[in-house]
Amino acid sequence: MDNFFQRAFSVVKQIPKGRVSTYGQIAHMIGEPRKARYVGFAMHQSPGVAGGVPCHRVVFKDGSLAPGFAFGGPDAQRELLEAEGVRFLENGKVDMKHFLWEA
DNA sequence: TTCCTGACTTTAC
DNA sequence: AGTAAAGCCAGGA
């Protein structure tokens with residue numbers, strides 16, 4: 001496990017329930033704002049929610065989800081976030097205005 | 001070593 | 001406002 005991945009996981013794990021974050025935000029927090037793509041790649045390799053990495057709380061900068069690449073599909077991700085109290089906009093995006101996690 | 005690709009982001013048309 | 005292209009870093013062929 002590369003240190004980069006471990007740091008990315010640590011940040012994602014720190015995301016409080018009912019809150020979401022973006023790849024770029026996380027990448028910037030771990031000191032690698034140019035590696036936003038690798039953050040997403042880390043999520044792809046993440047052990048999953050059971051492993052302590054709620055990758056479903058990580059969304060695009062505009063609040064949209066990964067189309068077709070999510071752990072179990074965008075629908076499952078939306079359902080999980082809604083279960084945590086995250087509101088969704090009519091356009092299918094997360095309400096970043098009030099649910100975007102800020103360190 | 002060069003080219004291609006990717007759970008991203010930003011800028012331009 | 002919506003769509004298209006470029007930029008970015010790292011790894012694989």
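These figures come from a predicted structure and were not determined experimentally.
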What pairs of donor and acceptor atoms, side-chain ones from residues 96-103 of chain A against any protein atom, are under 3.5 angstrom apart with sequence neighbours left out?
none

For Pro74(A) against Ala70(A), the heavy-atom pair lying closest together: N-CB, 3.9 Å

Nucleic acid contacts of residues 15-23 of chain A, taken as heavy-atom distances under 4.0 Å to DNA chain C: none

Strand-adjacent residues in residues 76-103 of chain A, judged by heavy atoms under 4.0 Å from DNA chain C: none

Sugar-phosphate only, base, or nothing, as touched by Ala27(A) at under 4.0 Å among non-hydrogen atoms: nothing

Protein-nucleotide distance (Phe5(A), atom CZ; dA7(B), atom P), rounded to Å: 12 Å

Rounded interatomic separation in angstrom, taking CD from Gln45(A) and P from dG6(B): 15 Å

Within-4.5 Å side-chain heavy-atom neighbours: His56(A) and Phe71(A): yes

Connected via hydrophobic side-chain network under 4.5 Å: Phe88(A) and Leu80(A): no

Sugar-phosphate only, base, or nothing, as touched by Ala36(A) at under 4.0 Å among non-hydrogen atoms: sugar-phosphate

Per-nucleotide protein contact string for nucleotides 7-13 of chain C, where B marks a base within reach and S marks sugar-phosphate only (heavy atoms under 4.0 Å, - for neither): BBBBS--

Show which side-chain atoms of residues 9-36 of chain A pair as donor or acceptor with protein atoms under 3.5 Å away, not counting sequence neighbours.
from, atom 1, to, atom 2, distance (Å)
Ser10(A), OG, Gln6(A), O, 2.9
Gln14(A), NE2, Ser10(A), O, 3.1
Thr22(A), OG1, Gln25(A), N, 3.1

Rounded distance [0.5 Å steps], CG in Asp75(A) versus CG in Leu65(A): 9.0 Å

Nucleic acid contacts - residues 51-62 of chain A versus DNA chain B, non-hydrogen atoms under 4.0 Å: Phe60(A), Lys61(A)

Crowding at CD, Glu79(A) (>12 non-hydrogen neighbours, <6.0 Å): no

Val59(A) and Gln77(A): CA distance, side-chain angles, deciding distance, side-chain contact (heavy atoms from CB on, under 4.5 Å) verdict: CA-CA 10 Å; Val59(A) 297; Gln77(A) 188 168 6; 4.2 Å; yes

Verdict with supporting geometry, Arg7(A) and Asn3(A), side-chain contact (heavy atoms from CB on, under 4.5 Å): CA-CA 6 Å; Arg7(A) 269 186 294 177; Asn3(A) 186 24; 3.9 Å; yes

